[in-house]
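The structure displayed is predicted, hence computed values, not measured ones. Note on naming: letters A, B, ... go to the chains in the order of the sequence lines (proteins, then strands), and numbering restarts at 1 for each one.
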2 protein chains.
Amino acid sequence: MAQKEISQAVIRRMPRYYRYLGELLDAGVERISSNDLSNQMQVTASQIRQDLNNFGGFGQQGYGYNVKYLYEEIGKILGLDQVHNIIVIGAGNLGQALTNYVKFERFGFKIIALFDVNPALEGVSVRGIKVHMLDELDDFCANNKVDIAALTMPKAKADITAKHLVSIGIHAIWNFAHVDLDIDNEDVVVENVHLSDSLMQLSYNIEKNKK
Amino acid sequence: MAQKEISQAVIRRMPRYYRYLGELLDAGVERISSNDLSNQMQVTASQIRQDLNNFGGFGQQGYGYNVKYLYEEIGKILGLDQVHNIIVIGAGNLGQALTNYVKFERFGFKIIALFDVNPALEGVSVRGIKVHMLDELDDFCANNKVDIAALTMPKAKADITAKHLVSIGIHAIWNFAHVDLDIDNEDVVVENVHLSDSLMQLSYNIEKNKK
DNA sequence: TAGATTGTTAATCGATTAACAATC
DNA sequence: TAGATTGTTAATCGATTAACAATC
């Protein structure tokens, strides 16, 4: 449990700060003021300072923020200094796409196995990572540190699979299935990626713009 | 331009209402009150009524909401009664995964072509949809109605590609590249799906829960 | 020291919730 | 008609922005 609760609105912005600071770092920029950053990111300087000060004072009056230091600190806040092992449940197109997305590894996210019910996928490997049959799931989780389960399966099975994952000790679910998982366990965190919802939002804005 | 601006917070919730109403419809439920829906969706009844009344009075006092009617009206609000043709720029794993996701078609989203620079993909088809070489893009857009371009390419090329798409008349971009597209054109709408950001948010919540 | 810029408090703005009159 | 439930106004809550004293 956290001591003082930080709103998810703030958390949602942190990866974006991290991204911009990473680019500044690559560009060799040493320090930056909240004002300069605010111009680049199109948010207010006030918001940047408020957001950061939820986690501590990372800046220095009269100087601004040291880019490298702030980048690293935000990385720690986001847990990117830890290794997070991921299993992907559903080795279809999306599951394989995620597995091929090597960039996640730079942030400490490592996909260590895929699972599927389709016997045709038995023995197949994606980027050297093996697809297991779903009945091996419990064994695998018992013998490996699994931090996150990504659900990239049809929505019909997603909820029951999620419940099962929780029952065998998984505490974090990255859900791509188009359902709200019904898990009432405070210790389990769920992050949804609802692509259809995203597309519908885009569609709304398209139609609105036509008017 | 819209007459009265409706906040994106409201828009973000509409697809979720649509989903729940679709399920109620499939389950044969004829009418529902904001209160019953609020229990199922875990939001306040007040919010449901406020949200819906941004778009008009879809309910009836003493009765509630007709499920089929409300479902269809929200569909119209989201533009799902229109056909939206999509092209996918970047025919890698993610582009192909999106193309294989047939469910989008149920909502009027139709992928009509993929584009890539990789000559190895020339002539390849995904679910019967052809992968074109990127140099055919302008021609294709001139001869076909293209409503949305999905960017599933590496981030290095995303911004310049987006600018080019806008210059040839594309007004909506579904961006999967890990950059903020720099487009200052009011008539162009961008919807971002930043998977790394989503994963980092999950990671934050994992680490927070450990404490 | 003077100038710059943070950290933080106070003011504003917007979104959510509560309450209730209108009405089916 | 009586009961139920919306549509909508008013109250509350939280998030964003502005302001400025602290301080490097």
### Query
Which one is paired to D:dA18, where only Watson-Crick or G-U wobble pairs with both distances under 3.5 angstrom count?
C:dT9
### Base-pairing assignment for C:dT23 (Watson-Crick or G-U wobble, both under 3.5 Å)
D:dA4
### Message
I'd like to know if the side chain of B:N85 and the backbone of B:D147 have a donor-acceptor N/O pair within less than 3.5 Å.
### Response
no
### Message
On DNA chain D, compare the nucleotides closest to A:Q50 and B:I32; which residue's is nearer the 5' end?
### Response
B:I32
### Query
With under 30° as parallel and over 60° as perpendicular, where do the rings of A:Y71 and A:Y18 fit, or are they tilted in between?
parallel
### Query
Do B:T152 side-chain atoms and B:L94 backbone N/O form a donor-acceptor pair below 3.5 Å?
no
### Query
So what does B:T44 touch, heavy atoms closer than 4.0 Å: a base, only the sugar-phosphate, or nothing?
sugar-phosphate
### Contact nearer the 5' end of DNA chain D, comparing A:Q60 with A:V43
A:V43
### Query
Which atom pair, heavy atoms only, marks the closest approach of B:L114 to B:A91?
CD2-CB, 3.8 Å
### Task
With DNA chain C as reference, determine whether A:N35 or B:G62 sits nearer its 5' end, using the nearest nucleotide of each.
A:N35
### Query
Can you find a heavy atom in the side chain of B:K110 that is under 4.5 Å from one in the side chain of B:H84?
no
### Query
B:R13 near the nucleic acid: base, sugar-phosphate alone, or nothing, with a heavy-atom cut-off under 4.0 Å?
sugar-phosphate
### Query
Is any side-chain heavy atom of A:L134 less than 4.5 Å from a side-chain heavy atom of A:D116?
no
### Along DNA chain D, first and last positions that approach a heavy atom of chain B under 4.0 Å
D:dA4 to D:dA10
